[in-house]
**Student:** 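Starting off with a structure, shown below.
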Amino acid sequence: MQIISSQERQVYPIIFPTSYGSVGTINFYIINDGKLLTLIDAGINHEGCWDYFNLVLAEQGYKVADIDRIILTHHHEDHVGLLKRILAVKNIPIYAHPIAISRLAMDADFFHMRYQFFNELYAEMDCLQDAQPRLEKLSKTLKELDERKIMADYIPIQEGDFVGGLEVIETPGHSPDSISLFDRERQWLFTGDLVLKESSTNAIIDPDQNGVRLKSVVQQRQSLTKCAEIDVLLVFPGHRSIIENHKQLINQKLESMNRKAERMLALLAKQSQTASSLAKQYYKSKYNTEFSLVMSEIIGYLDYLEGNQLVIKEKIDGVWIYSLAQQVQEEAIPEG
Ligand SMILES: [Zn+2]
């Protein structure tokens, strides 16, 4: 294991190889500032991950009971997996964004609203039938709220707050609760799933607390730009390798997002259509195998293009039909 050390502070990365999704590794980090041990994220709920976490601690002469606090970059299962096991050893405070806290505590009102939100969304996008497996999963979650909830001493943190010398920077898009943690002195940035080196990261559609759809691709682009403006020596991501040249990597990601948006515009130029029809054309068989992610991407991009007045939508018989905006069509006509 490679230890990263600077001015009285050490980071012990826990880089756990996994076949989960296509993320390659699950990364979480122990920070030792000489007084306290802070854990950033908590891996995946997997025996091997738990053993590896204990091994990395033992190599430094520590055990789970020595951890003083946990900070979460977001609430996804591959970042909070070991929380229950850790809390069973020792009840320590968990710092997280308020949106993450209501999700980890499995707030019943919120999850019922969210189930309704996706039912309506998939109906409007003309894919209610194809969405049945996803909706069944969401409905199963509703029956398991009690066993799934993680009760803990949560401490809400938001933009500008500090925990142990780490500044909270809100970076939503991948999820509405995504934050990055900035050690200004050492120019280290812990980014969760904002930007990954050898993998893409998705902007995932979700409602806010009031059931309003968040513009995830718009948020993701703003968060990437915000992160690129910070001078950083090392970016510690939630998966894959530690990143040294984050500005260059983020520019590449933004450019590839631009190309994706252009390809979608080109498909809409051929024919006005629903989001699900666009998803089938763009993603082919992935539409069935990764339905939820694929629809998230398409809807996120359509919201982004609509916000930039490149796309308009019209509701016909309860279903949104997306078209190229008039001005784009006119510009596309060659002059002379
Ligand atoms: Zn992740």
Side-chain angles (χ1 to χ4, degrees), residues 11 13-31 38-50 52-53 56 70-86 94-97 99-101 103-104 106 134 137 141 148 150 157 166 168-182 188-206 214 216-217 219-221 223-224 227 234-243 246 249-250 253 256-257 286 289-297 300:
V11 180
I14 305 153
I15 312 282
F16 178 67
T18 180
S19 55
Y20 176 88
S22 55
V23 293
T25 64
I26 306 266
N27 304 352
F28 48 128
Y29 302 93
I30 302 160
I31 299 180
T38 303
L39 185 66
I40 297 188
D41 282 346
I44 191 167
N45 188 16
H46 180 286
E47 215 50 46
C49 189
W50 176 244
Y52 188 57
F53 171 49
V56 170
I70 301 171
I71 312 176
L72 299 175
T73 62
H74 62 300
H75 73 283
H76 287 169
E77 63 178 359
D78 53 328
H79 297 259
V80 306
L82 299 178
L83 282 184
K84 280 190 179 175
R85 296 184 200 230
I86 296 168
I94 298 178
Y95 294 79
H97 193 275
I99 297 175
I101 296 173
R103 291 172 193 232
L104 292 168
M106 303 302 278
R134 166 105 214 266
K137 249 188 178 173
T141 303
R148 285 203 191 191
I150 303 172
I157 48 172
L166 295 168
V168 176
I169 299 175
E170 292 181 351
T171 45
H174 174 65
S175 69
D177 60 324
S178 285
I179 56 169
S180 296
L181 298 154
F182 185 35
W188 292 344
L189 189 65
F190 298 83
T191 48
D193 289 355
L194 173 66
V195 56
L196 306 177
K197 202 164 176 188
E198 301 92 350
S199 285
S200 58
T201 177
N202 298 84
I204 295 172
I205 287 290
D206 234 337
L214 292 160
S216 56
V217 167
Q219 287 188 327
Q220 177 74 355
R221 293 183 66 98
S223 294
L224 284 169
C227 175
L234 289 177
V235 163
F236 296 86
H239 307 278
R240 305 278 183 176
S241 336
I242 292 168
I243 300 162
H246 81 300
L249 182 64
I250 287 175
K253 299 278 175 190
S256 98
M257 290 178 90
K286 273 193 180 174
T289 55
E290 294 177 49
F291 175 81
S292 168
L293 276 183
V294 158
M295 283 310 293
S296 253
E297 281 285 291

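These numbers come from the heavy atoms of this one structure, side chains and all, not from hydrogens, waters or symmetry mates. Being a predicted model, the structure only gives us computed values, none of them experimental. Remember, it's 1-based here, ligands and their atoms both numbered in the order they're listed.
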**Student:** Do we see a donor-acceptor contact under 3.5 Å between the side chains of T201 and D193?
**Tutor:**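 No.
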**Student:** Could you identify the N, O or S atom of D193 positioned closest to the Zn ion (ligand 1)?
**Tutor:**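 When I compare the N, O and S atoms of D193, OD2 is nearest to the Zn ion (ligand 1).
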**Student:** When you measure from the Zn ion (ligand 1) to the N, O or S atoms of H76, does any of those distances fall below 2.8 Å?
**Tutor:**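 No.
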**Student:** Please check this pair: side chain of N27 against backbone of R240, looking for a donor-acceptor N/O pair closer than 3.5 Å.
**Tutor:** yes
**Student:** Vertex the Zn ion (ligand 1): angle to OD2 of D78 and NE2 of H239, to 10°?
**Tutor:** 80°
**Student:** Students often mix this up, so state it plainly: with edges at 30° and 60°, are the rings of H74 and H79 parallel, tilted or perpendicular?
**Tutor:**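 Rings of H74 and H79: tilted, 30 to 60°.
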**Student:** Could you go step by step and tell me if F16 and F53 meet the ring-ring contact (aromatic ring centres under 6.0 Å, His included) rule?
**Tutor:** CA-CA 9 Å; F16 178 67; F53 171 49; over 10 Å; no
**Student:** Please name the atom of H79, limited to N, O or S, that comes nearest to the Zn ion (ligand 1).
**Tutor:** NE2
